[in-house]
Each structure stands twice: as structure tokens, then as C-alpha cells.
Amino acid sequence: MRILHDHRSNASIESEWYSDATCAAVLCASICRRWRALALSFPWLWNHVYVNIAAGSQATRNLIALQFQRSEALPLDLSIDCHDAAPQKDTFRDILRQSARWRTFRFSYHVWGDVFHRFQRPTPLLELFSLQSEYHPIHGPYRCLRPGEAVVFLPYAPRLRTLEIPACALHRIPLIPRPSLQRL
């Protein structure tokens with residue numbers, strides 16, 4: 001477990017890593033009773049969460065809930081993939097409820113729709129927020145915001161250092177001045 005912890009501490013934060021980390025946690029807990037007890041006693045093993053929302057079955061929702069529970073109060077590092085279909089609203093709602101625990105949040109989405117409306121909750125621990133879309137928001141089937149509409153995006157994120165969103169979306173999102181922001 002110490003080797004796994006050291007590897008997790010030194011790993012770069014990439015989407016593939018989140019998927020591997022989720023699999024590693026489940027695998028460690030599945031080897032035998034002793035390993036299961038050991039894996040369940042380490043909340044850091046469960047706080048890197050990879051979710052394919054489009055697959056949004058009840059099993060996916062259950063796994064996410066289990067990871068949130070097993071990670072206890074640790075900050076969450078999330079990678080959410082939603083390229084194959086529209087997100088399952090219940091699954092996304094479960095993730096949004098944990099916004100106060102987000103440390104990193106990477107969201108890869110097939111269309112923008114009203115995605116900016118969803119991020120209105122306090123995120124006091126958030127350091128990195130990344131939105132990526134296959135489609136350019138102007139040419140895609142949806143627009144970022146309706147004309148004349150104002151949405152305060154991430155209204156409380158005092159620790160936010162990195163914000164990754166497409167340049168074409170910047171003029172459509174009213175941003176609060178953030179002295180901690182180092183990279184846009």
C-alpha cells in the first residue's frame with residue numbers, strides 16, 4: 001500500500017490516471033479479506049474518482065457513492081467523461097453535491113449546453129477546474145449561455161489556481177476577479 005501511495009503522490013494528474021486509480025482501489029479491496037480491510041482503512045485510496053457519466057447505470061452511481069463515502073472527508077480529485085451521450089442527471093447531481101470537497105475537477109463533455117449553469121455551488125478547496133468539449137460551443141448544437149444572460153461561474157473558489165476552458169467561451173462567462181488564479 002505504501003508503494004501505491006507513493007506512486008499516487010508523484011503521479012501527474014491525467015484522466016487515464018484517475019481511471020487507473022479507481023481500478024486500483026477496487027482491485028486492492030477485492031484481493032482477500034486482509035487486503036480489503038487494509039484498502040478500506042486508507043481514504044486516500046478512494047479520493048481520485050473517474051466517472052464515465054454517459055455509462056450512468058445504477059452500478060456507476062453506486063460506485064461513485066462508495067468512493068465518496070470511503071474517501072471520508074479528503075479533498076476529491078475528479079475526472080468526468082461524458083463524451084458518448086448526454087449526462088445522467090442523477091449521477092451529475094450526486095457529483096455536484098460534493099462540490100465543497102473538489103480539489104481538481106476535469107470535465108470532458110461532448111456538447112456545452114447549459115454546462116456553465118451547473119457550477120454555482122461553493123468550491124472552497126478547488127485548485128484546478130478544466131472543461132473540455134469536442135465541439136466548439138458556437139458551432140455545436142447549443143450555445144454557452146443565452147444572449148443577455150449572466151451567470152457567475154464558480155462564485156466561491158478562493159484557492160482556484162488553474163482554470164482551463166476554451167478561449168471562445170471566456171467572453172461568455174462572467175468571472176469574479178481571482179487573485180489566486182495563476183493560469184487561465
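Here, residue 1 is the first one in the sequence, and each next residue gets the next number. Both backbone and side-chain heavy atoms feed into the values below; hydrogens, waters and symmetry mates do not.
Counting heavy atoms from C-beta on, the side chains of Thr123 and Tyr156 never come closer than 4.5 Å. Contact annotation: the side chain of Leu63 approaches that of Gln67 to within less than 4.5 Å [non-hydrogen atoms, C-beta and beyond]. Side-chain contact between Arg106 and Glu164 is present, with heavy atoms from C-beta onward closer than 4.5 Å. For the pair Thr60 and Asn52, the minimum side-chain heavy-atom distance is 4.5 Å or more. Phe105 is not listed as a side-chain neighbour of Leu128, based on a closest heavy-atom distance of 4.5 Å or more.
Minimum interatomic distance between Asn47 and Pro75 (heavy atoms only, all atoms of both residues): ND2-O, 2.9 Å. Taking all atoms of both residues into account, the shortest heavy-atom contact from Ser99 to Pro122 is OG-O, 3.2 Å. Here the closest heavy-atom approach between residue Pro124 and residue Arg159 is recorded as O-CD, 3.3 Å.
Rounding to the nearest 0.5 Å places CD1 of Ile64 at 11.0 Å from CG of Leu76. Taking CZ of Arg121 as the reference point, atom CG of Leu126 lies at 14.5 Å (rounded to 0.5 Å). Taken to the nearest 0.5 Å, the CG atom of Leu38 stands 7.0 Å off from the CZ atom of Arg34. Between atom NE2 of residue His48 and atom CG of residue Leu74 there is a gap of 10.0 Å, rounded to the nearest 0.5 Å. Rounded to the nearest 0.5 angstrom, Leu27 CG and Leu45 CG are separated by 10.0 Å. Distance check, rounded to the nearest 0.5 Å: CZ of Arg97 to CZ of Phe68 gives 10.5 Å.
Gln98 and Asp94 share no donor-acceptor pair across their side chains, judged by distance under 3.5 Å alone. A side-chain N or O of Arg101 and one of Ser71 form a donor-acceptor pair less than 3.5 Å apart.
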### Query
Between Asp81 and Val51, is a side chain to side chain contact (heavy atoms under 4.5 Å, CB included) present by the stated rule, with each step listed?
CA-CA 6 Å; Asp81 183 356; Val51 181; over 6 Å; no
After noting the C-alpha distance and the side-chain angles of Leu154 and Phe129, does the key distance pass the side chain to side chain contact (heavy atoms under 4.5 Å, CB included) rule? CA-CA 9 Å; Leu154 296 172; Phe129 188 90; 3.8 Å; yes
Using the side chain to side chain contact (heavy atoms under 4.5 Å, CB included) rule, take Phe119 and Leu131 through it: C-alpha gap first, then chi angles, then the decisive distance, then the call. CA-CA 11 Å; Phe119 301 104; Leu131 288 177; 4.3 Å; yes
### Task
Begin from the C-alpha positions of Leu78 and Phe107 and carry the test side chain to side chain contact (heavy atoms under 4.5 Å, CB included) through to its verdict.
CA-CA 8 Å; Leu78 296 142; Phe107 186 55; over 6 Å; no
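Arg103 is linked by a salt bridge (charged side-chain N to carboxylate O under 4.0 Å, His left out) to Asp77, counting only residues two or more places apart in sequence or in another chain.
Screening residues 35-51 for salt bridge (Lys or Arg N to Asp or Glu O under 4.0 Å) gives no qualifying pairs among residues at least two apart or on separate chains.
Under the 4.5 Å side-chain contact rule for hydrophobic residues, Ile31 and Leu66 do not share a cluster. In the hydrophobic clustering of ILVMFWY residues, with side-chain heavy atoms under 4.5 Å counting as a link, Trp102 and Leu125 come out apart.
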